[in-house]
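One structure is given here, and the rest of the page talks about it.
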Amino acid sequence: MIKIPLKSRFFKTFVLIIIGLICGLLAWFWQSYKPLETAQFVAIPSSNSSQLRKEPIQPIPIHVDLNQQQVQLGRKLFYDVRLSQDNSIACVTCHQFNNGGIDRLVRSIGMAGNEGVINAPTVFNSSYNFKQFWDGRANSLEEQIQEALFSPEMGNASWSELMNKLQQIPSYITEFKEAYPDGMTPTNLKSAIAIFEQSLLTPNSRFDKFLRGDEKSINDQEKEGYRLFKAYGCIACHQGILLGGNMFQNLGLFGDYFKARKPNTSGEKPAITKADLGRYNVTRNLEDLHVFKVPSLRNIVLTQPYFHDGSVTTLDAAIQLMAQYQLGREIPQTDIDLIIQFLNTLTGELPK
């Protein structure tokens with residue numbers, strides 16, 4: 001196992017805490033005045049921005065302006081098993097709409113029983129992530145889509161093989177010509193799926209309504225849960241539109257999360273996997289060992305199991321672990337229960 005010198009780890013932990021606190025305090029200002037770099041659509045505000053509460057969290061836009069021909073083509077591709085090499089797996093196989101945009105497996109199962117190496121994140125609201133994948137190796141939805149198409153789970157060997165298959169389908173030739181001037185190309189295939197994914201927003205959660213001024217959309221217990229969420233420091237990493245998705249963080253600021261993982265069904269400690277190395281796999285920088293993109297908390301009650309390793313199945317356990325390893329403290333059960341009540345208000349209107 002790769003080790004970071006104690007002095008370096010302490011310095012890194014200190015710096016990350018300071019950065020996280022600054023992010024939490026200034027998130028509302030940042031989101032209000034800085035355009036979202038990865039957004040590839042135009043969000044239409046649902047109300048005058050001056051009416052929004054000045055909070056570190058911002059509501060998801062109710063409407064987005066997208067090319068509907070491209071959205072519908074992307075939707076068709078998203079559901080088409082022919083995008084996998086053996087015609088058995090589609091994008092929706094691992095990102096199911098009735099399961100919060102995931103498959104609720106610890107690791108997804110692809111064609112020929114190939115198991116993924118990490119817990120699949122939700123596709124809902126994914127266009128607001130500043131990077132894609134847990135380790136942030138993709139800078140855009142298009143990059144993420146390409147990697148998924150050529151992963152062991154979908155099994156495609158080359159673009160020429162995949163495009164030759166799709167070019168045998170007359171409806172695709174017609175629909176690509178209608179949606180894109182240059183017709184069916186790998187670039188346009190990725191674009192269509194990405195634009196469809198940009199439409200998969202979950203606006204109008206009860207908490208978003210509260211942020212827009214509806215005082216009665218959440219009750220007193222839920223408001224207290226939100227206050228505790230901020231007071232304990234969760235807001236330092238979980239803020240912005242997604243309550244996450246806009247920064248990296250070390251998993252285990254106040255302890256060795258991986259050493260403390262529970263034994264598996266055979267009674268053995270889970271071994272450190274390549275996926276556990278996090279962003280180190282991308283940068284090869286020791287300072288990025290066990291560093292991951294902070295996940296979104298939107299629709300969190302629907303997206304268990306939690307964490308990159310899918311090792312936790314309840315919000316109660318997730319909060320306890322985060323308090324221990326990210327905040328260095330214990331949270332009383334009464335406060336955990338209130339925070340969970342707040343998290344329940346983050347479920348929005350799911351895509352149909």
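Scope of the values below: all heavy atoms of this structure, side chains included, with no hydrogens, waters or symmetry mates.
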cation_pi(R261, F258) dist<6.0 Å, angle<=45: no

Distance under 6.0 Å and angle within 45° of ring axis: R206 vs F210: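 Not flagged: R206 not positioned over aromatic ring of F210.
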
Taking the inter-plane angle between the rings of [X] and [Y] on a 0 to 90° scale, is it parallel (under 30°), tilted (30 to 60°) or perpendicular (over 60°)?
| X | Y | value |
| --- | --- | --- |
| H308 | F292 | parallel |
| H95 | F78 | tilted |
| F342 | F229 | tilted |

Under 3.5 Å, is there a donor-acceptor pair between the [X] and [Y] side chains?
| X | Y | value |
| --- | --- | --- |
| K131 | S140 | no |
| D316 | T314 | no |
| T185 | N188 | yes |
| Y306 | N119 | no |
| D309 | Y257 | yes |
| T334 | D337 | no |

What is the distance from atom [atom1] of [X] to atom [atom2] of [Y], rounded to the nearest 0.5 Å?
| X | Y | atom1 | atom2 | result |
| --- | --- | --- | --- | --- |
| L343 | T345 | CG | OG1 | 7.5 Å |
| L243 | S205 | CG | OG | 8.5 Å |
| Q146 | L141 | CD | CG | 13.5 Å |
| L201 | R298 | CG | CZ | 10.0 Å |
| F124 | T347 | CZ | OG1 | 11.0 Å |
| R137 | N281 | CZ | CG | 8.5 Å |

Any side-chain heavy-atom pair of [X] and [Y] under 4.5 Å:
| X | Y | answer |
| --- | --- | --- |
| F97 | L200 | yes |
| E215 | K223 | yes |
| K293 | N246 | no |
| V71 | K76 | no |
| L315 | I300 | yes |
| T187 | Y180 | no |
| L346 | I57 | no |

Check whether any side-chain N or O of [X] sits under 3.5 Å from a backbone N or O of [Y] as a donor-acceptor pair, and report yes or no.
| X | Y | answer |
| --- | --- | --- |
| N219 | E222 | yes |
| Q326 | N250 | yes |
| E143 | N139 | yes |
| E55 | L52 | no |
| D256 | G252 | no |
| N114 | P152 | yes |
| R329 | Q324 | no |
| S296 | L242 | yes |
| K165 | R82 | yes |

Closest contact, heavy atoms only, Q132 versus N129: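 That would be NE2-CB, 3.6 Å.
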
From CA spacing to verdict: side-chain contact (heavy atoms from CB on, under 4.5 Å), Y325, L253: CA-CA 6 Å; Y325 291 105; L253 291 173; over 6 Å; no

CA sep, side-chain torsions, deciding dist, call: F196, L77, side-chain contact (heavy atoms from CB on, under 4.5 Å): CA-CA 9 Å; F196 170 63; L77 292 163; over 6 Å; no

Shared hydrophobic cluster, L73 / V92 (ILVMFWY, side-chain heavy atoms < 4.5 Å): yes

Ring centers of F130, F248 separated by less than 6.0 Å: yes

Derivation and outcome, side-chain contact (heavy atoms from CB on, under 4.5 Å), residues T202 and E349: CA-CA 5 Å; T202 61; E349 297 175 356; 5.9 Å; no

Test: E153 and R107 ion pair at under 4.0 Å: no

K274 bridged to D135 by N-O distance under 4.0 Å: no

Pair Q320-Q333, side-chain contact (heavy atoms from CB on, under 4.5 Å): steps then yes or no: CA-CA 9 Å; Q320 290 184 48; Q333 187 62 48; 4.0 Å; yes

Neighbour count above 12 (heavy atom, 6.0 Å) for E147 CD: yes

